[in-house]
Amino acid sequence: MKKILLAGAVAAIFGMTGCTTVESTQKFNAVSLGDGTEKAVCQTYVKMSALYFCGLPIVSGSTRGDGCCTAFRYNLNNENIIYLLTKEAKSKGASRLINVSVSEDNDYSYLIFQVRSIQASGTGVCSRDAAVRQAAKEFDNAQ
């Protein structure tokens with residue numbers, strides 16, 4: 001009976017662990033977020049969660065993208081979260097990120113289980129020169 005309860009608790013905690021979330025928007029309601037030389041192209045948010053058992057990672061978010069998980073790997077660090085943030089911003093056409101914010105939280109602990117998460121957000125901007133180079137590259141590649 002104790003094994004069944006423990007397995008149920010692990011399954012419940014595992015189900016509450018969100019792994020990796022990547023969200024991005026390109027709607028700014030006509031509010032300019034850039035300056036005269038740059039234009040905001042996206043606002044991006046990334047969250048990566050992990051479930052730990054006695055300090056060892058059981059399941060954690062993956063650097064592959066939205067909704068992905070990995071088992072028994074420590075992926076919860078600044079390098080991975082910034083990688084996902086820049087990857088998403090670049091896919092939306094940004095040449096650099098501004099106003100980047102990273103925070104790490106200990107979401108909750110239950111006996112020997114712990115769920116932690118790290119979040120990052122930033123505004124992707126594109127300079128006029130970068131937009132011209134990208135348009136020229138797309139024009140040259142079109143056949």
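In this text, all values refer to a predicted model and were calculated from it rather than measured experimentally. FYI, the numbering just counts along the sequence from 1.
Here the closest heavy-atom approach between residue Leu76 and residue Ala50 is recorded as CD2-CB, 4.0 Å. The shortest heavy-atom contact between Val102 and Ala120 is CG2-CB, 3.9 Å. Here the closest heavy-atom approach between residue Met48 and residue Ser62 is recorded as CE-O, 3.9 Å.
Thr44 places no side-chain N or O within donor-acceptor distance of the main-chain N or O of Thr25, the cut-off being under 3.5 Å. The backbone N or O of Ser121 sits nowhere less than 3.5 Å from a side-chain atom of Ser101 that would complete a donor-acceptor pair. Under the 3.5 Å distance criterion, the side-chain polar atoms of Asn80 are left unmatched by any main-chain donor or acceptor of Thr63.
Hydrophobic clustering, with ILVMFWY side chains joined whenever heavy atoms are under 4.5 angstrom apart, groups Ile58 together with Ile112. Residues Val100 and Leu84 fall within the same hydrophobic cluster, defined by Ile, Leu, Val, Met, Phe, Trp and Tyr side chains chained together at heavy-atom separations under 4.5 Å. In the hydrophobic clustering of ILVMFWY residues, with side-chain heavy atoms under 4.5 Å counting as a link, Leu51 and Tyr74 come out apart. Linking Ile, Leu, Val, Met, Phe, Trp and Tyr residues whenever their side-chain heavy atoms come within less than 4.5 Å places Phe72 and Val59 in a single cluster. Hydrophobic clustering of Ile, Leu, Val, Met, Phe, Trp and Tyr side chains at less than 4.5 Å, counting indirect connections, keeps Ile98 apart from Leu85.
Under a cut-off of 6.0 angstrom, the local environment of OH in Tyr83 is sparse, with at most 12 non-hydrogen atoms contributed by other residues, nucleotides or ligands. In this structure, Lys90 places its NZ atom where only 12 or fewer heavy-atom neighbours from other residues, nucleotides or ligands lie under 6.0 Å away.
Rounding to the nearest 0.5 Å places SG of Cys42 at 7.0 Å from CD of Glu88. Atom CZ of residue Arg133 and atom NZ of residue Lys137 lie 10.5 Å apart, to the nearest 0.5 angstrom. Rounding to the nearest 0.5 angstrom, the gap separating the CD atom in Gln119 from the CD atom in Glu104 is 9.5 Å. The distance from the OG atom of Ser127 to the CZ atom of Arg96 is 8.5 Å, given to the nearest 0.5 Å. Within the model, atoms OG1 of Thr20 and NZ of Lys47 stand 11.0 Å from one another, a figure rounded to the nearest 0.5 Å. One finds the OG atom of Ser60 at 9.0 Å from the CZ atom of Arg73 (value rounded to the nearest 0.5 Å).
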Give the C-alpha distance, both sets of side-chain angles, the deciding distance and a yes or no for side chain to side chain contact (heavy atoms under 4.5 Å, CB included) between Asn77 and Ile118.
-> CA-CA 7 Å; Asn77 56 38; Ile118 188 169; 5.9 Å; no
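Checked options Ile82, Thr21, Thr86, Ile81; the residue passing with Val46 is Ile81 (criterion: side-chain contact (heavy atoms from CB on, under 4.5 Å)).
Checking Ser49 against Ser117 by side-chain atom types alone, no donor-acceptor pair falls below 3.5 Å. Side chains of Gln43 and Thr123: a donor on one and an acceptor on the other come within 3.5 Å.
Counting heavy atoms from C-beta on, the side chains of Ser109 and Gln114 come closer than 4.5 Å.
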